[in-house]
Amino acid sequence: MPSDAPAGLQIEGLQVELGGRPVLADVHLQQAAGSYACLLGESGSGKSTLLAVIAGLLRPQRGTVSVHGQQVNGDSIFIAPERRQIGMVFQDAALWPHLTVLENVLYPLRARRQSVDKTRAMTLLERMAIPVAAARRRPHELSGGQQQRIAIARAIIAKPRIVLLDEPLSALDHGVRENLREFLHELFAEEGITALHVTHDPSEAFYLGHRVGVLHAGHLEQWDSPESLYQQPTSLVVARLGGSVRALHVPVLQHAGTQALIQWEDRRWPVPASAGLNGATRATLLLRPNDLEIDAAPSDAPEATVRHSHWHEGRYLLTLQAADGQEFLAQSRRGDLGPRRWHLRPDHGWCIPVQSSANDR
Amino acid sequence: MSRLFNHLLVYVILGVLVLAPLGAIIYEALQPSGGQTHGIALLQLGVDQQFLKSLSGTLGMAALAVLFSLPMGLGLALLLYFVPPRLSPLWEALILIPFLIPPYLTAEAWSLLTGPVGMIEQLTAWQALGTTLEEFLFSLAGMGMVMALHLTPLVYILLRAALENGNPRLLQAARVHGSSALGAFRLGILPLLLPALAAAGLLVFLDTSAEFGVPALLAGYAGVQVLSTSIEAATNVWPVDLPKASAIGLILCALGVLVWFLYRPLVRNNEGRIQRRAPARRVWWSILPISIFALIGVILPLAAVLAVSLEKALSVGLQAGNFTWHHYHHVLSHSSSGLSALETSLRLSALVAVFGMASALLAANLVRKGGRIAAFVDLLATLPMAIPGVVLAVGMILFWNAPWNQLPVFGHPIILAVAYATGTFPFAIRYARTGLAQIPPRLEQAGRVHGGSPLHSVLRIQIPLLWPMLVGGATVVFALSMRELVASLMLQPAGVQVISTYIYGNFRQGTIGNGMALSVIGIFSSALILGLARGALLRR
C-alpha cells in the first residue's frame, strides 16, 4: 500500500560485521508509521544488533536507515543516538539505580532540554499502574514488571518517532509477561507510536505485531503479516519459529499457482503451496498439529503409529510415525500409544521448495 | 571534538607522568658514568662489584620475602575460608592492617622492640630473646621478614579471592564421586590456588625489590647492599653519579617489568566472581595462628610506636615516671616542622587523590573502548606498578631539573604531587576500570538513546554510579601518597618536609619520640579525614 507519507522505519541493504564475522547481511525492511512490528529470531540471529544500529549504538558497514523519512545512517551520514529522537526499552529495563522512578522517567526531557513536564510523567506513571508514592522510590524497590513499565514510560515520554523494544518481556514471569503484553498492545495502539519489538517468543510476536519479521543468521527471512508468517512460511526456519511443525519430503504430482497435488501414504492430497515451488517434482510439506484430523478420521484413512504423547494446552499432542517412517504431529482427545487413523484437513498444510534439513527437528 | 580532546588529555597526562621520567632515565643510563669521559653507564655496571653485590642483596631480600609471606598468606586464607573463627570480619580487618602500616615504620618499630634494651626484653623474662631477634632483624632474612609482614595481607587478599572464585560444587562433586577431603582439595581448589600463589609471589617479589625504606633503615647494620639504596646514594652522596643511578634504576625497572609481565596474565582471569556457598564451620582454634600474625604484624609494632611516642627517654624504658606528652606538644606546636610536614602531606595527598582519580577516569574510559590505542594507554597507566619509587624519583629529577626544562616544577612541592600521582596511577585506574566494568553498558546506552550527549551521560549517569568506586580509589591514592617515602626524600625541595621524611629523618637522627608521635598523629588524622570525607561523599 504505497503512499506519500514516509515510512516509520525504512532499512535498505544493511550490513554489519563484528570482529570480521557477518552479523547482519543485506537486510531490507519497511515499517508503516504508527504501526507495531515484531522481529522474531533465535539467540545470535542479529535481532539486538539490528536494534543497536537503528538506535545509533552501532555503526553498520553498509546500508541506510531512515526514521520517519530522515536518514539516520548512510554512506556519509551518522546521526548520534541522542539526536535520533527515539525511545528504547531494554531487556533488563536499564533504569538508572541512582535516580528515583520519576527522575528516570523525566530524563529524556531533561537531556533533550525540553520542558520538564512532571504532570505528564505522573499521568504516564499512573497509566502504567505505578502507585504515585512509588515515583519517589528507587527502581530496585519495585517489582520486575513495574520496572519494565517505568522503562516504557521513559521510552515514550518525549514523544519519540520510534520506540525500540529489545526483548522487554523475556526476563519476566509468565503471568506478568501476559499482563504487560496486553498493556503494550493497548498503549501503543492508543499513542500511535511506531514500535519495533524484538523477541524470541512467537506468541508474543503474533499477539503484538501488525507485521512480523524473522531474522535468521543475519538474514531477514520473511517480513509479513502474522497469518502469512504462520500459514505460508517461506522456509523451514520461519515455520519453526512460528510454532510446532514437522517437515516431510513428498513427491509433487501437479503444481499450479498456490495449489499442489502431492502423493503421500498411497493417497493424493491437494495442499496450498508456495509459488516458489515452480513445477518441482518433490517438495517439503510443512505440517502443524492442527493440519490433521485424528479423532474423527474416516475408517478408510491411512494409519500411523503414535510413538509419543503428552498433555499440551487442553489436548494431547501426539507424535506419529507414518508407514514411510516420516514423523508428524497431531492433536487429540486421547493420548494412547499405538496405531491411529489420520486425515489431512482440506486446505491445510503448506508446500515449499525442498529444504535440505526437512526431517531435522 | 570532545573525543579528540579526551584522547589528547590522556596522552599528555600519561606522557608527563610516566613516559617523561622513563625516557629521561633511559637517556641518562646511556651516558658515561660519573668520572668517566666515555662509555655507557649501563654497560659499565657489568664490572662494578658494588652493583653486583647490591643486585644479589635485592634478589635475596625479595626471594626471602616471598618465602616468608606465601606460607603466612596461604595459611591465613585457608583458615579464614574453611574454618573461620567467630567474628571473622574483625579478624580479617586485623590481618589487613599491616599493609596499611608503611614498611619503614614496621622496621623502625621492630628495631625498638628488639635488642638488649628493646621493649621485648623490658617486658619479658627472656633476656636473650631481644638480642636474638635483633640479630635476625638486622640481616637479609630480617629485611625479608619485615617486607613479608607488610605484604602478607596482599597474599591473603589474592588467595582469598581465588578461593572465593572457586566453584564449591566442584568440591562437592569430587566428594560425592568418591574423593577424600584432601583429594577433593587437590581436584577442586589447588588448580585455582596455584596461579594465585604464583601471582602473589611475583607481586611480593616486585614490591620488595622496589622497597627503599626498610633496607635504608636495616641494610647498613646488616652489612647488606640493595639496588634501591645504591640508587639513592648515587644521587645524594658526593660524588653524585646520575648516569650510574639511572643505569641501576633501569636494571631495577627491567626486573620489575619482567616480573610484572609474568604477573599480569596470572590475574587476568580474576573477575571477582563471588559465588554463594554454605557458611563455613566456625572453630575457635583458628584464632591462635591468626592472633600470632596479628601480634607480630600489628599489635607489637603499633604498641611500640605508641609507647615510644609517650616515653621521655628511650633508654629508661617503660617506667611509670618515664611517660610524657612532650613529643606530641612539640610536634603540634605552632612552629613545629612536624606539623608543617603533616599539613604538606595532607594537602598534597588530597590534591593527588582528586586529580589522580579524575585523570584515571578519563584514561579508563579510553581503555574501555578497546583496540590497540586502548591497550597502549592501559600499559602506560599500569606501568608505574613496575617502576620502583626510587627509579621514578631519579627520572623525575632528570626530566624536571633538565637545563632545557624551564617549568618551575623541580624545587616546588608540586613535584611531590606529580611523583605521587605517577606512583598511584595504577591503583587509581584499577578502581576506575573496576567501577566502569560494574556499570552495565545498557545504562549508558539508555542515556544516549534517550537524548543525553556523551558529556551529559558521563555527568548524570557514569559519575553518580561510579561514585563509591571513585571515592574508594581516592581513599587508596590518598593513603598511598601519605606514606610515600623515597620519592619524597629525593624530590622534596629545600625547607619542605612531608610526614614520611620527617619520621624517617627523626629516626635517623635519634629523635625517635617526635617521629613516633607524628606517626600516631598522622595515622589518626588521615584516618579521621578519610572517615569524614568518605562519610560526607558517600552519603549522597
Side-chain angles (χ1 to χ4, degrees), chain A residues 18-19 48 51-58 67 72 79-100 103-114 116 138-139 150-168 171, chain B residues 1-7 357 361 365-375 431-432 434-474 534-540:
Chain A
L18 294 176
S48 296
L51 286 199
V53 170
I54 300 169
L57 300 171
L58 192 68
V67 177
V72 290
I79 293 187
E82 64 270 21
R83 290 173 43 225
R84 295 190 176 203
Q85 293 179 52
I86 55 179
M88 193 159 179
V89 182
F90 295 84
Q91 183 176 353
D92 58 355
L95 296 173
W96 301 295
H98 61 294
L99 302 181
T100 63
E103 284 166 341
N104 262 284
V105 175
L106 288 173
Y107 180 92
L109 298 177
R110 289 209 164 103
R112 292 185 173 118
R113 299 199 177 152
Q114 295 176 6
V116 179
R138 299 286 161 116
I150 294 160
I152 295 165
R154 177 179 70 182
I156 65 172
I157 191 164
K159 301 197 168 95
R161 298 190 294 191
I162 184 168
V163 172
L164 307 171
L165 301 100
D166 190 1
E167 306 223 26
Chain B
M1 194 63 196
S2 64
R3 205 169 152 190
L4 184 69
F5 179 71
N6 185 3
H7 274 240
M357 274 322 288
L361 182 59
N365 263 311
L366 205 154
V367 170
R368 190 164 65 147
K369 301 248 187 309
R372 281 190 193 152
I373 290 177
Y431 271 83
T434 310
L436 281 179
Q438 285 170 356
I439 303 179
R442 288 183 174 182
L443 291 184
E444 287 174 76
Q445 289 174 351
R448 294 292 304 278
V449 168
H450 292 110
S453 64
L455 183 67
H456 193 269
S457 296
V458 168
L459 295 178
R460 290 293 310 271
I461 296 169
Q462 195 180 82
I463 290 182
L465 288 173
L466 273 179
W467 196 247
M469 229 33 186
L470 293 178
V471 173
R534 282 179 67 90
L537 294 170
L538 295 176
R539 201 176 298 140
R540 307 165 22 131

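Chain naming here is simple, since letters A, B, ... match the order of the sequence lines and numbering starts at 1 in each.
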Looking only at non-hydrogen atoms, find the nearest pair between [X] and [Y] and report the distance.
X: Leu465(B); Y: Pro97(A); value: CD2-CG, 3.3 Å
X: Phe90(A); Y: Ala446(B); value: CE1-CB, 3.5 Å
X: Ser453(B); Y: Glu82(A); value: CA-OE2, 3.7 Å
X: Leu443(B); Y: Trp96(A); value: O-NE1, 2.6 Å

Proximal component of [X], with respect to chain B [non-hydrogen, under 4.5 Å]:
X: Arg112(A); result: both
X: Arg113(A); result: neither
X: Leu57(A); result: side chain
X: Ala52(A); result: neither
X: Asp166(A); result: side chain
X: Leu95(A); result: backbone

Check your understanding: With respect to chain B, which residue among Gln91(A), Gln114(A), Met88(A) yields the maximal number of heavy-atom pairs within a distance under 4.5 Å?
Key -> Met88(A)
Exercise for review: Could you walk me through whether Tyr107(A) and Arg460(B) pass side-chain contact (heavy atoms from CB on, under 4.5 Å), step by step?
Suggested key: CA-CA 10 Å; Tyr107(A) 180 92; Arg460(B) 290 293 310 271; 4.3 Å; yes
Review point. Would you find a donor on one side and an acceptor on the other, under 3.5 Å apart, between the side chain of His450(B) and the backbone of Val105(A)?
Key: no
Check your understanding: Under 6.0 Å from the CG atom of Leu459(B), do we count more than 12 heavy atoms belonging to anything else shown?
Key ->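 Counting other residues, nucleotides and ligands, CG of Leu459(B) exceeds 12 neighbours.
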